Amino acid sequence: MKSLITALFFLSCLTTFNKVQAQDVSMKVVFISYSNVDPDGVGPATGSAVFEFQLASSAGTIMGDALALLALFQSSKLMATPTNTVVPVGPLAAASGWTQNGDNRTGNDVAPAKIVGGHSFDKRMVIAFAQGSATPNLPITTTFTGIARVTYWTLGNTNPQGGVITVEPGADVPQNSLSSDGGATEYPYLTPFSNVPLSLGSPLPVVFSSFDVDCTEKGAAITWTTASETNTAHFEVEKNTSGIWATIATIAAAGNSGSLRKYQVMDLEAGTAQYRIKQVDLDGKFVYTQVRNKFCTGRNLHVFIYPVPARNILHLAIKSSGPINTQLEIYDMRGRLVQSQSATLNRGANNITINVAGLAGGQYILRSSNGALTINKKFTIAR
């Protein structure tokens with residue numbers, strides 16, 4: 001394994017003094033997630049895919065001190081990200097002293113192309129890790145367990161947008177192995193699922209055409225547009241300011257739509273934050289967009305109504321000093337209560353949606369029944 005680390009990009013063979021064990025360690029790749037939002041917004045990427053390398057032992061727990069992770073991919077459908085996106089997970093993340101020693105995600109040419117499971121592969125990626133003290137402390141158990149997750153950018157427009165990938169047996173590519181005993185023992189990988197390449201992509205029920213966060217005089221405006229939706233339930237806008245993602249708004253989705261639809265949420269608190277959209281299907285399945293980082297100055301404004309004028313949906317961005325239960329009441333210009341809706345506010349930023357599709361066009365006033373929350377906002381419905 002040490003010879004692999006030092007000559008990783010040339011895929012040189014392991015030195016002859018390494019003792020090669022039986023193939024007691026198996027490797028596979030597992031699809032984790034897909035987003036169809038162009039990561040940098042300028043192409044040629046059509047989205048991004050995350051996959052995970054997993055290892056398992058058939059001979060009890062084996063302690064490793066170095067490892068390589070190799071996979072074949074299709075450069076016409078998949079490209080490495082501009083910066084390293086390899087993230088140790090599971091026992092590798094928990095083990096001490098490990099560093100990533102090799103990053104060849106862009107891949108070496110495979111010429112001629114290798115055919116596996118009826119698919120043609122022209123690139124081989126190589127990722128390697130080693131324990132600095134050469135002390136085996138990475139437990140590989142009899143259960144397939146994630147070791148590292150990798151994000152690539154996809155280039156395709158149809159499923160699978162990232163093409164397919166597969167792993168290779170250690171018998172074919174000796175570098176594909178786990179090291180133990182201070183590098184003296186190698187375990188070439190078995191790859192029981194290599195003949196069934198893994199698809200990287202998804203026929204998502206929603207196709208995002210944009211997702212942006214912009215600073216406005218009211219705070220941060222989170223907007224996204226869908227080109228089509230199939231059996232979508234709702235969107236959850238999530239914000240991260242301290243390492244914890246929290247939902248700041250839930251917006252109903254179209255359900256089924258083949259036309260362009262635009263959504264917006266205002267964050268009055270703003271600040272330095274990360275934002276992402278969680279799209280939830282009617283069957284409970286969900287996917288995330290890419291993360292957007294933004295610094296916007298928050299405002300003292302505590303209630304903001306949009307869009308102006310409204311049509312079928314009225315949005316309220318409310319900044320509350322504490323938890324409040326209230327009725328949001330809509331009055332016509334003759335002072336008659338025409339609609340009421342219960343609302344529970346949490347401390348901080350809140351986003352509430354009111355369906356006004358049943359109201360006629362004209363001017364209205366929105367008020368709160370709870371005196372602790374002062375709202376007296378005039379708005380217009382356009383028909």
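Remember, predicted model here, so these are calculated numbers, not experimental data.
Across every non-hydrogen atom of P307 and H315, the tightest pair is CD-CD2, 4.0 Å. Between H119 and P197, the shortest heavy-atom contact is CD2-CG, 3.7 Å. Among all heavy-atom pairs drawn from V37 and R292, the shortest one is CG1-NH2, 3.5 Å. D172 and P174 make their closest contact through O-CD, 3.7 Å (heavy atoms, listed as atom of the first residue, atom of the second, distance). Looking at every heavy atom in both residues, V89 comes nearest to A148 through CG2-N, 3.6 Å. Across A221 and T216, no two heavy atoms sit closer than the pair CB-CG2, 3.8 Å.
Distance OG1/T344 to CG/N350: 9.5 Å, rounded to 0.5 Å. Expressed to the nearest 0.5 Å, how far OG1 of T289 lies from OH of Y275 amounts to 13.0 Å. The distance from the CG atom of N370 to the CG atom of L328 is 10.5 Å, given to the nearest 0.5 Å. Summarising the geometry, atom CG belonging to L268 is positioned 8.0 Å from atom CZ belonging to F304; distances are rounded to the nearest 0.5 Å. How far CD1 of I318 is from CD1 of I375: 4.0 Å, rounded to the nearest 0.5 Å. Going from atom CD of Q290 over to atom CZ of F208 covers 11.5 Å, rounded to the nearest 0.5 Å.
Here the side chains of T232 and N256 are not in contact, with every heavy-atom distance at 4.5 Å or above. Taking 4.5 Å as the limit, every side-chain heavy atom of Y263 sits out of range of all side-chain heavy atoms of I222. Proximity of V237 to I277: side-chain heavy atoms (C-beta onward) are separated by under 4.5 Å at one or more points. The shortest distance between side-chain heavy atoms of Q131 and N137 falls below 4.5 Å. Contact annotation: the side chain of L178 never approaches that of M27 to less than 4.5 Å [non-hydrogen atoms, C-beta and beyond]. I365 places none of its side-chain heavy atoms less than 4.5 Å from the side chain of I330. Between D24 and I62 the shortest side-chain heavy-atom distance falls below 4.5 Å. For the pair T223/V213, no side-chain contact is recorded, criterion being any heavy-atom separation below 4.5 Å from C-beta on.
Residues V50 and I127 are members of separate hydrophobic clusters, defined by side-chain heavy-atom contacts under 4.5 angstrom among Ile, Leu, Val, Met, Phe, Trp and Tyr. Residue M63 is not grouped with residue I140 when hydrophobic side chains (ILVMFWY) are merged at heavy-atom distances under 4.5 angstrom, including chains of intermediate members. V196 and V116 are not part of a single hydrophobic cluster, where members link through side-chain heavy atoms under 4.5 Å apart. Two different hydrophobic clusters hold V164 and L69 under the rule that ILVMFWY side chains link at heavy-atom gaps under 4.5 Å. By the rule that hydrophobic residues join a cluster once side-chain heavy atoms approach within less than 4.5 Å of another member, L55 and V150 end up as members of one cluster.
Side chains of Q100 and N84: a donor on one and an acceptor on the other come within 3.5 Å. With 3.5 Å as the limit, one finds a donor-acceptor pair spanning the side chains of Q327 and S342. Side chains of T81 and R105: a donor on one and an acceptor on the other come within 3.5 Å. Inspection of the S75 and D122 side chains reveals an N or O donor paired with an N or O acceptor under 3.5 Å.
In the hydrophobic clustering, where aliphatic and aromatic side chains (Ile, Leu, Val, Met, Phe, Trp, Tyr) are joined below 4.5 Å either directly or transitively, V308 stands alone. Side-chain contacts under 4.5 Å among hydrophobic residues (ILVMFWY), followed directly or transitively, place M79 together with W153, L155. Cluster note: V280 groups with F286, Y288 through ILVMFWY side-chain heavy atoms spaced under 4.5 Å, whether in direct contact or through intervening members. Through ILVMFWY side-chain contacts below 4.5 Å, I244 is grouped with nothing and stands alone.
With hydrogens and angles disregarded, a donor-acceptor distance shorter than 3.5 Å links the side chain of N240 to the backbone of G243. Side-chain atoms of T154 never come within 3.5 Å of backbone atoms of G162 as a donor-acceptor pair (strictly under, hydrogens ignored). Under the 3.5 Å distance criterion, the side-chain polar atoms of E186 are left unmatched by any main-chain donor or acceptor of P188. With D281 contributing its side chain and A233 its backbone, the two residues share no donor-acceptor pair below 3.5 Å. Side-chain atoms of Q341 come within 3.5 Å of backbone N or O of T353 as a donor-acceptor pair. At distances below 3.5 Å, not a single donor-acceptor pair connects side-chain atoms of S179 with backbone N or O atoms of L67. No side-chain donor-acceptor contact under 3.5 Å links Y189 to the backbone of N176. Judged purely by atom type and a 3.5 angstrom limit, D332 uses its side chain to pair as donor or acceptor with the backbone of G335. Side chain of S209 to main chain of T225: a donor-acceptor pair is present (N/O by atom type, distance under 3.5 Å, no hydrogens or angles). Judged by distance alone, with hydrogens and angles left aside, the side-chain atoms of R347 form no donor-acceptor pair with the main-chain N or O of S320 at under 3.5 Å.
Relative to the six-membered ring of Y331, R367 meets both conditions, a distance below 6.0 Å and an angle of at most 45° to the axis. F144 carries K28 over the face of its six-membered ring, with the cationic atom under 6.0 Å from the centre and within 45° of the normal.
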Checking side-chain contact (heavy atoms from CB on, under 4.5 Å) for the pair K239/E269: CA distance, chi angles, key distance, verdict?
-> CA-CA 11 Å; K239 179 181 180 182; E269 287 192 317; 4.0 Å; yes
Criterion side-chain contact (heavy atoms from CB on, under 4.5 Å) on F53 and L92, from CA distance to verdict | CA-CA 11 Å; F53 287 95; L92 183 58; over 6 Å; no
Does the ring pair (Phe, Tyr, Trp, His ring centres under 6.0 Å) test come out yes or no for W98 and F129, once each step is laid out?
-> CA-CA 7 Å; W98 284 76; F129 292 88; 7.2 Å; no
I would like to know whether S48 and Y34 meet side-chain contact (heavy atoms from CB on, under 4.5 Å); could you show each step before the answer?
-> CA-CA 6 Å; S48 61; Y34 169 74; over 6 Å; no
Report the C-alpha separation of T85 and R149 in whole Å, then their side-chain angles, then the decisive distance to 0.1 Å, and conclude whether the side-chain contact (heavy atoms from CB on, under 4.5 Å) test is met.
-> CA-CA 8 Å; T85 55; R149 288 189 178 183; over 6 Å; no
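Evaluation of the ring pair (Phe, Tyr, Trp, His ring centres under 6.0 Å) rule for Y152 yields F51, F73 as partners, not counting sequence neighbours. With sequence neighbours excluded, the residues that form a side-chain hydrogen bond (donor to acceptor under 3.5 Å, both in side chains) with S368 are T326.
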